[in-house]
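Report on one structure; see the data block that follows.
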Amino acid sequence: MNAHVSSPSRISIAGFTLLAMLAFAANSLLCRMALVESATSPGMFTAIRLASGALLLLLLAQRKPGSVTHQGSWKGAGALFVYAAAFSFAYVSMTTGTGALLLFGAVQLTMIGYGWLRGEQLRGWQIAGLLMALSGLVVLLLPGISPPPLTSAFIMLVAGIAWGTYSILGKGAVSGLAVTTGNFVYSLVFVAALLAVILALGDAQWDLKGVLLGVGSGAIASALGYAVWYYVLPYLSSTNAATIQLSVPVFAVLAGWLFLGEPITAQIVLSSVAILSGIAVVIRRH
């Protein structure tokens, strides 16, 4: 955190955090639509997503003096690429509910485990809130759970660990936009390698709908959403940052209802209340 810049208010942090969670949910919706409703392959979708995100962030960076790309890191870029690629490839062979459960379960374990190693302590009421949120997530996703292929399940767990790692790395960011821009730009090296592989394998499939969804996912939901997330991360503990992300499946369900006509049942409402209530318990202050 930059000591020369005054800290934002709690209301600002809450607002930006909510915005980031909505961006994550929108990203899940766009990814799912592209992989299910278009002919675009997961490798091409990943490339389009990261390349469009890097392009938009570079355009925004030109409005500020100095080179912001140097504020990223190869570690951050690697974690970002592994998450994006693994997420796309895993979701081809599993339901939305199963994927979200595996992804956010891995994020939870990664970030909370890191917090414990760093000396963060959970009080009794925080543990109760965490269990409440996790139980709500299980109830929410239970109807969609089906045994996924073992390989796909492992890949999604890798995606969750990578996203948890990316979030942990963001806790030291001074400028969310600068670091996110650098990470996206550096990730293009990995994207180039991915494109070389899928071209060699003849799996570079794409169509207009997939490209548009990939651009929306990369430039808006990913690039801008991650910049906002990196902005608020220094003001959140690892435990709080991990638990807050459990709200994303709730928002994703609502997005599915609004844009895909997926039904909202009483079970979804009850589980959503449990998740959001659990989050409120974990992050509340004395």
Side-chain angles (χ1 to χ4, degrees), residues 1-2 5 8 12-13 15-31 33-34 40 42-88 107 159 162-195 206 210-236 241 245 248:
M1 189 185 307
N2 193 338
V5 180
S12 296
I13 293 174
F16 282 120
T17 301
L18 175 60
L19 183 60
M21 297 304 101
L22 291 174
F24 295 167
N27 197 42
S28 295
L29 178 67
L30 293 171
C31 287
M33 290 175 65
T40 304
M44 282 299 296
F45 179 82
T46 300
I48 294 167
R49 177 183 177 187
L50 292 178
S52 60
L55 177 60
L56 176 64
L57 288 167
L58 281 174
L59 291 175
L60 293 175
Q62 297 306 312
R63 302 174 63 88
K64 292 188 175 184
S67 175
V68 299
T69 59
H70 292 166
Q71 294 191 32
S73 70
W74 287 110
K75 288 182 180 179
L80 173 64
F81 174 78
V82 171
Y83 154 73
F87 181 81
S88 297
V107 170
W163 178 250
T165 301
Y166 187 77
S167 295
I168 290 168
L169 292 172
K171 290 184 65 60
V174 174
S175 169
L177 178 60
V179 176
T180 304
T181 301
N183 288 337
F184 266 79
V185 171
Y186 292 153
S187 75
L188 295 182
V189 174
F190 303 111
V191 169
L194 173 64
L195 284 174
W206 59 276
V211 170
L212 293 176
L213 290 170
V215 171
S217 172
I220 306 301
S222 296
L224 298 183
Y226 297 175
V228 171
W229 184 231
Y230 258 38
Y231 171 73
V232 300
L233 271 172
Y235 306 101
L236 301 173
Q245 291 183 79
V248 175

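Sequential numbering from 1 along the given sequence is applied to the chain's residues. We use all heavy atoms of the structure for the numbers below, so side chains are in, but hydrogens, waters and symmetry mates are not.
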Can you see which heavy atom on S73 is nearest to which on N183, and at what distance? N-OD1, 3.0 Å

V179 side chain reached by L169 side chain, heavy atoms, under 4.5 Å: no

Those residues at least two apart in sequence (or on a different chain) that pass ring-ring contact (aromatic ring centres under 6.0 Å, His included) with F81 are F190

Taking the side chain as every heavy atom from C-beta outward, state whether S217 and F45 have any pair of such atoms under 4.5 Å apart. yes

For residues G43 and L194, report the shortest heavy-atom separation together with the two atoms involved. O-CD2, 3.7 Å

Is W163 close to F24 at the side-chain level, that is, under 4.5 Å between some pair of heavy atoms? yes

Does any part of the side chain of W74, heavy atoms only, come nearer than 4.5 Å to the side chain of V189, both counted from C-beta? yes

Looking at every non-hydrogen atom in both residues, tell me the closest pair between M21 and V248 and how far apart they are. SD-CG2, 3.8 Å

Would a 4.5 Å heavy-atom cut-off, applied to side chains only, mark Y83 and Y166 as touching? no

Are L56 and S52 close enough that some pair of their side-chain heavy atoms sits under 4.5 Å apart? no

Which atom of A77 lies closest to which atom of Y186, heavy atoms considered: CB-CB, 3.4 Å

If you look at every heavy atom in L30 and G216, which pair is closest and at what distance? CD1-C, 3.6 Å

First locate atom OG of S187, then atom CG of L50, and finally report the distance between them rounded to the nearest 0.5 Å. 4.5 Å

Would you compute the distance between atom OG1 of T181 and atom CG of L55 and round it to the nearest 0.5 angstrom? 11.0 Å

State the CG-CG distance between L224 and L60, to the nearest 0.5 angstrom. 6.5 Å

How far does CG of L233 sit from CD1 of I13, to the nearest 0.5 angstrom? 11.0 Å

What distance separates K75 NZ from I168 CD1, expressed to the nearest 0.5 Å? 12.0 Å

Check whether any side-chain heavy atom of L58 lies under 4.5 Å from a side-chain heavy atom of V185, and answer yes or no. yes

Could you tell me whether the side chain of R49 reaches within less than 4.5 Å of the side chain of V215, counting heavy atoms only? no

Heavy-atom closest pair, residues V211 and T40: N-OG1, 4.2 Å

What's the separation between atom OG1 in T46 and atom CZ in F87, rounded to the nearest 0.5 Å? 9.5 Å

Go through the steps for W229 and Y226 under the test ring pair (Phe, Tyr, Trp, His ring centres under 6.0 Å), then give the verdict. CA-CA 5 Å; W229 184 231; Y226 297 175; 9.4 Å; no

